[in-house]
There are 2 protein chains.
Amino acid sequence: MYELFFQKLNEKILFSEEEQTIIKGYLTTKKIRRKQYLLQEGDVCKTLAFVEKGALKEYTVDEKGAEHILQFALEGWIISDLYSFMTGEPATYNIEAIEDSEVVLITKSAQEEIFKKVPKYESYSRMQITGAYLAMQKRVNSLISLSLEERYLYFTSLYPTIVQRVPQHMIASYLGLTPETVSRIRKKLAAK
Amino acid sequence: MYELFFQKLNEKILFSEEEQTIIKGYLTTKKIRRKQYLLQEGDVCKTLAFVEKGALKEYTVDEKGAEHILQFALEGWIISDLYSFMTGEPATYNIEAIEDSEVVLITKSAQEEIFKKVPKYESYSRMQITGAYLAMQKRVNSLISLSLEERYLYFTSLYPTIVQRVPQHMIASYLGLTPETVSRIRKKLAAK
DNA sequence: TCCTTTTCTTGATTTTGGTCAATGTTTTTT
DNA sequence: AAAAAACATTGACCAAAATCAAGAAAAGGA
């Protein structure tokens, strides 16, 4: 059940069997069915969720009821309303399963205990968030500097798996476009 | 010369005099005149730069010569091409002073040494990058979900000081808009 | 202070992408 | 297997924002 979690962990820094056992003691797992919430806006986000299996999305809903997808998470990704997790304030984002999924959960206090007992884990955590920051930065850059067509191509080249598994209108939402526009971009690209 | 740097450091976690002396030993400073580069695309980004005084911008230039601003940094902010800094690959961004500035520089090896000798500094570093991630996430959200007018208002409410000190066309670039559009948004808002 | 450069504004025009609506297709649920 | 829901495509139209161009204002440098 925790295979992928520990595989990813050891990819960046090697952890001993002992360290891994300590860490494992603080983890729990959860299954979420398609269309079920892992987190709802307004609730406090109590955990980080590492995706062992499945696919989830994190999004806001505006006054007009339109959904804006901030993040997808497939196997091996971490998803959470990080601000709510860190501060204990109510969440501003929703997290929902796109496919039946399995996640590994880490609470705030669990994370703090792990930091104390396995200091290397804080280094891992720092590298993890640094990677997430860099990805977010690239996304901002694509949003402010690329044409819509380039933006779509950039996304598909970066995340081909997401394109395969996620409905097109969600990709449109992630890119800040309407479904119609994405459909037209695809048509135009296919013509080439 | 390092006043603000240590002030910010102690805001999040308290460091002893001893620890601060160790850290100080790894820092250097640099003055940059307005319009001078701290980093040019293609060069390797050797340092993180903490802004003690002044204002800088980080940006890309596209094929048409248009500038896209990824980040501003005023006093107390850190600026760097983080990917280049982490990996040693050539930088994809430029960093330039908007005003005459003074920065505190930390090289990669200096950072690693500080992590070893002052472990708390890695916690600080993790919190620092987490904050940067959250800010970037909010910016993505504003880019995909707000109208241009809302985006402008969001920016000005979040960073009133930047609005005061930085030319309007740079703010347009940061927001992914043309200078003309920002001018018209301002006109419209003033009419209210 | 004067000159130069940078910055901001405004108008006219064009392009882009959103909205609305209808239809067909695929997927999910019962 | 049938019904329902979700998804994708297409066309017509409209609104929003970019582009182009000119001129005014402000700031920086000599």
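Sequence lines set the chain letters: A, B, ... in the order given, protein chains first and strands last, and positions in each chain run from 1. Just the heavy atoms: all of them, side chains too, but no hydrogens, waters or symmetry mates, feed the values below. No experiment lies behind these values; they were computed from the predicted model shown.
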Side chain B/Thr161, main chain B/Tyr159, donor-acceptor under 3.5 Å: no
Rounded distance in Å - CD1 (B/Ile144) to C1' (C/dG17): 17 Å
Face-on cation placement of B/Lys138 at A/Tyr83 ring, 6.0 Å and 45° thresholds: yes
Nucleotides 11-18 of chain D: which of its N/O atoms have a protein N/O under 3.5 Å away?
unit_1, atom_1, unit_2, atom_2, d
D/dG11, N7, A/Arg184, NH2, 2.8
D/dG11, O6, A/Arg184, NH2, 2.9
D/dA18, OP2, B/Thr178, OG1, 3.1
D/dA18, OP2, B/Thr181, OG1, 2.2

Criterion side-chain hydrogen bond (donor to acceptor under 3.5 Å, both in side chains) on B/Tyr93 and B/Glu41, from CA distance to verdict: CA-CA 5 Å; B/Tyr93 303 118; B/Glu41 191 184 336; over 6 Å; no
Spacing between A/Lys57 atom NZ and D/dA6 atom C1', to the nearest angstrom: 12 Å
Pi-cation contact, A/Phe15 with A/Lys120 (under 6.0 Å, within 45°): yes
B/Phe50 six-ring face occupied by B/Lys8 cation (under 6.0 Å, within 45°): no
Separation of atom CZ in B/Arg33 from atom C1' in D/dG28, rounded to whole Å: 12 Å
B/Glu122-A/Ser123 side chain donor-acceptor pair, cut-off 3.5 Å: yes
Spacing of A/Ile185 atom CD1 relative to C/dG17 atom P, expressed in whole Å: 7 Å
Contact nearer the 5' end of DNA chain C, comparing B/Pro179 with A/Lys35: B/Pro179
Exercise: do B/Lys117 and B/Tyr26 side chains pair donor with acceptor under 3.5 Å: yes
Those residues of residues 161-169 of chain B lying under 4.0 Å from DNA chain C by at least one heavy atom: B/Pro167, B/Gln168, B/His169
B/Asp62 and B/His68: side chain donor to acceptor below 3.5 Å: yes
Atom-to-atom span, NZ of A/Lys64 to C1' of C/dC20 - whole angstrom: 14 Å
Any donor-acceptor N or O pair under 3.5 Å, side chains A/Tyr2, A/Glu52: no
Distance in angstrom units between A/Lys188 NZ and D/dT9 C1', rounded: 17 Å
Quiz item: cation-pi between A/Arg139 and A/Tyr174, 6.0 Å / 45°: yes
Whole-Å distance separating the CG atom of A/Leu143 from the C1' atom of C/dG17: 15 Å
Terminal axes of the helix from C/dT1-D/dA30 to C/dT30-D/dA1 (five pairs each): angle between them, nearest 10 degrees: 70°
Between B/Ser147 and B/Glu150: side-chain donor-acceptor atoms closer than 3.5 Å: yes
Value in whole Å for how far the P atom of D/dA8 lies from CG of A/Leu189: 16 Å
